[in-house]
Amino acid sequence: MLKLFNTLTRSKEDFIPIDGKNVLMYSCGPTVYNFQHIGNLRTFFFEDILFRVLKYNDYNVRYVMNITDVGHLVSDQDVGEDKMEKSAKQLGKSVWEIADYYTEIFKRDISLMNIFPPDVYSKATDFIQEQIDLIKCLEAKGYTYQISDGIYFDTSKFPDYGKLAKLDISGLKEGSRIEFSQEKRNITDFALWKFSPENEQRQMEWDSPWGRGFPGWHIECSAMSKALLGNHFDIHCGGIDHIPIHHTNEIAQSEACNGEKFVNYWLHGEFLDMGNEKMSKSSGKFITLQTLMDKGYSPMHYRYFLLMAHYKKKLKFTYEALDAAKSGYNNLSGKILNLRKNPPSEKTLPVSERMKNFENRFLDRINDDLNMPEAMSVLWDMLKDEDLNQDEKYFLALDFDRVFGLGLENLRSDINEEVIPEDIQILIEKRKEAKKNKDFKSADEIRNSIREKGYDILDTKDGTQIKKLN
RNA sequence: GGCGUGGUACCCAAGUGGCUUAAGGGGAAAGUCUGCAAAACUUUUAUUCGACAGUUCGAAUCUGUCCCACGCCUCCA
């Protein structure tokens, strides 16, 4: 039985879908006015693990992720500059070009990290009519009011407002860190529709029954999930920062309009802990996947790093820790490659008691709220087991990798696959000769010069092998 | 001011009342192998879980106090 920690109840619950083996899942995707940083990637990775564990448990998953391509504001108190427009202005491009550009980079990054794409990417700007309709629904039911800069949701009319975050509204300090609109009736009220500024031509704006403008940030997820998954679905996930505002507001909007429960299971991924340096996208200072790749880490090294911690715990990011993950991943790859040397004669092999035992341990760990660190330790224990044969280990490793997503099936050996340059070949022959003559001094010198040229020598039982250093 | 999280070996990090006198990875050390290295393999590496009290037959896990670090109450994964 799969158990998941539900933010709504703050407890681990048995996962029971609304419709048998069919699961409906929505996750809050990227805002595409800038690159995704490695913290954002941690959240998409967590959602990928959730998706993979559901698949491993034989569920059919319909998975929707939104792309926030419409400009939302610098502050959620609904004042300030529009991030999309700001970014466009800086780069001298249209907001539409900006959105497309960063969307493509996002898709490239998650593909490099072996993160499965959702069944549907839903762009906020493709669902403007649905958002307007939802606001009309809320208006008809008396949840909205208009002030000078837009249409707002009156949170005092929604009795359970704040239940997800267990918000103590009286304890909130309005305007403690930012100016807020004096016209709002309650500090938690939020914009559903914002009017375009009088004196400014926005690149993204639409007509609505209330005037020309653009949707508030929260409404897109309520409108798109309703359109693509229905009023009531199984799982909604995102980063932990979305609990108090974004998801709280989504629940209010959706349940107020639909008159029924919105989502059964809310899951949230913790932040990557960067130490003193906080990485928020709006600050512009952050590390991307490309940064890591430029420093010689592969996306799989980063994925292995993320696998070492549970999604609900902060994970300290340091290059020292990433180096450990890099070594760990490389060691694992080496082992897998070794197991594959003599490929199994049979496509399938009978599952032994011993294998069954490891499969059960693995399933038990992943189904306990996606405990990847423990699942990884099952993998390592399995690889070191004395009673399993090579084929059985290889078979199990690939099976586990359906969840880990480390690409173990498609690993390529870096030994002898590169074309070795001629000058290196000559040196290798020379060294062979020297070794034959027991002239170890020369042999060592030659080895050193080969190393300087970026290749390493491995003397194995089967002869000398050459490996390109990275 | 309010709310919340966490402190486990050199590093990352599981474990949340007895199966654990604490997983796994990295690192380090020793050994096997080797002309020597590298690789590979084997072994070792916290009687201890921020500190101090307490509850219990039994605690890293529960309670209390204290110390430290961090997050949220703008946007943010």
Side-chain angles (χ1 to χ4, degrees), chain A residues 10 27-31 34 36-47 72-81 83 165-180 187-188 217 237-246 268-276 278-283 286 304-305 307-310 312-332 334-335 338 365 368 371-381 383-384 415 434-435 438-441 443-444 447-448 451 456-461 465 467:
Chain A
R10 295 291 198 278
S27 78
C28 283
T31 49
N34 207 330
Q36 302 304 303
H37 56 59
I38 55 174
N40 298 123
L41 255 19
R42 184 183 187 198
T43 299
F44 299 125
F45 159 81
F46 141 66
E47 287 153 358
H72 50 86
L73 303 170
V74 167
S75 130
D76 195 57
Q77 296 295 357
D78 303 309
V79 293
E81 216 175 343
K83 288 175 187 166
K166 304 207 185 305
L167 284 183
D168 171 14
I169 294 168
S170 59
L172 297 179
K173 242 187 163 175
E174 71 237 39
S176 68
R177 293 165 72 184
I178 192 149
E179 241 180 294
F180 86 113
I187 62 167
T188 46
W217 175 41
C237 43
I240 195 167
D241 54 312
H242 282 150
I243 297 170
I245 296 174
H246 184 54
H268 296 94
E270 248 294 357
F271 271 21
L272 187 67
D273 180 357
M274 301 301 293
N276 344 323
K278 200 195 159 182
M279 280 196 312
S280 72
K281 275 207 276 184
S282 40
S283 80
F286 49 81
Y304 189 99
F305 170 76
L307 245 6
M308 296 203 297
H310 187 90
K312 266 167 51 52
K313 291 277 187 75
K314 286 190 195 70
L315 170 59
K316 284 180 225 168
F317 179 85
T318 60
Y319 282 106
E320 191 186 1
L322 188 57
D323 283 335
K326 181 177 180 175
S327 300
Y329 176 78
N330 290 155
N331 289 156
L332 177 64
K335 280 199 164 47
N338 231 304
R365 296 337 297 156
D368 182 14
N371 196 327
M372 290 306 118
E374 294 217 324
M376 286 289 279
S377 88
V378 173
L379 171 68
W380 281 101
D381 277 355
L383 290 172
K384 286 186 288 193
I415 293 174
K435 276 183 66 174
K438 304 244 185 264
D439 179 4
F440 298 121
K441 191 165 175 275
D444 289 351
R447 178 167 60 201
N448 283 338
R451 279 204 187 125
D456 200 12
I457 291 219
L458 311 173
D459 287 336
T460 70
K461 284 193 194 94
Q465 290 193 318
K467 183 179 173 178

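Each chain gets a letter, A, B and so on, in the order the sequences are listed, and its residues count up from 1. Atoms considered below: every heavy atom in the structure, side chains included; atoms not considered: hydrogens, waters and symmetry mates.
If Ala443(A) and Met376(A) are placed on RNA chain B by their nearest nucleotide, the residue sitting closer to the 5' end is Met376(A). Nucleotides of RNA chain B nearest to Lys441(A) and Tyr329(A) differ in position, and the one nearer the 5' end is that of Tyr329(A).
Residues meeting the side-chain contact (heavy atoms from CB on, under 4.5 Å) test with Asp439(A), sequence neighbours left out: Ala434(A), Lys441(A), Ser442(A). The ring-ring contact (aromatic ring centres under 6.0 Å, His included) check on Phe45(A) picks up nothing, with sequence neighbours excluded. When the ring-ring contact (aromatic ring centres under 6.0 Å, His included) test is applied to His310(A), no partner is found at least two apart in sequence or on another chain. Here Phe317(A) pairs with Phe305(A), Tyr319(A) under the ring-ring contact (aromatic ring centres under 6.0 Å, His included) rule; sequence neighbours left out. The ring-ring contact (aromatic ring centres under 6.0 Å, His included) search around His242(A) returns Trp217(A), His246(A), His247(A), not counting sequence neighbours. Legend: residues meeting side-chain hydrogen bond (donor to acceptor under 3.5 Å, both in side chains) with Lys435(A), ordered by chain and number and at least two apart, are Asp459(A). Judged as a salt bridge (Lys or Arg N to Asp or Glu O under 4.0 Å), and not counting sequence neighbours, the contacts of Lys314(A) are Glu270(A).
Between Lys326(A) atom NZ and rG26(B) atom P there is a gap of 15 Å when expressed in whole angstrom units. Atom NZ of Lys335(A) and atom C1' of rA39(B) are 11 Å apart (whole Å). Atom CD in Glu374(A) sits about 13 Å away from atom P in rG25(B), given to the nearest Å. Across the protein-nucleic acid pair, Asn338(A) atom CG and rA40(B) atom P stand 9 Å apart, rounded to whole Å. Look at CE on Met274(A): it is 13 Å from P on rG71(B), rounded to the nearest Å. Atom CG in Asn330(A) sits roughly 15 Å away from atom C1' in rG27(B) (whole-Å rounding).
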Quiz item: What string of B, S and - do you get for nucleotides 4-13 of chain B, 5' to 3', when a contact is any protein heavy atom under 4.0 Å?
Solution: -S-----SSS
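Between Arg365(A) and Asp368(A) there is a salt bridge, since at least one side-chain N of the basic residue sits less than 4.0 Å from a carboxylate O of the acidic one.
Stacking between Phe440(A) and rG35(B) is present: the aromatic ring centre lies within less than 5.5 angstrom of the base six-membered ring centre, and the two planes differ by under 30 degrees.
The side-chain heavy atoms of Trp380(A) and Asn331(A), taken from C-beta on, include a pair separated by under 4.5 Å.
Within 4.0 Å (heavy atoms only), Asn331(A) reaches sugar-phosphate atoms of the nucleic acid but no base atom. Nucleic acid contact for Tyr304(A): sugar-phosphate only, since backbone atoms but no base atoms lie under 4.0 Å from a heavy atom of the residue. Nucleic acid contact for Lys312(A): none, since no nucleic acid atom lies under 4.0 Å from a heavy atom of the residue. Using a 4.0 Å heavy-atom cutoff across all strands shown, His242(A) reaches sugar-phosphate atoms only and no base atom.
In RNA chain B, the stems built from three or more successive Watson-Crick or G-U pairs (distances below 3.5 Å) are B:1-7 with B:67-73, B:10-12 with B:24-26, B:27-32 with B:40-45, B:50-54 with B:62-66.
Within 3.5 Å, no donor on the side chain of Arg447(A) pairs with an acceptor on the base of rA38(B), nor the reverse. Counting atom types as modelled, Asp444(A) pairs a side-chain N or O with a base atom of rG35(B) as donor and acceptor under 3.5 Å.
Taking the side chain of Asn371(A) as heavy atoms from C-beta on, and the options rC76(B), rA37(B), rG15(B), the nearest nucleotide is rG15(B).
One C1' atom belongs to rC49(B), the other to rA23(B), and the distance between them is 14 Å to the nearest Å.
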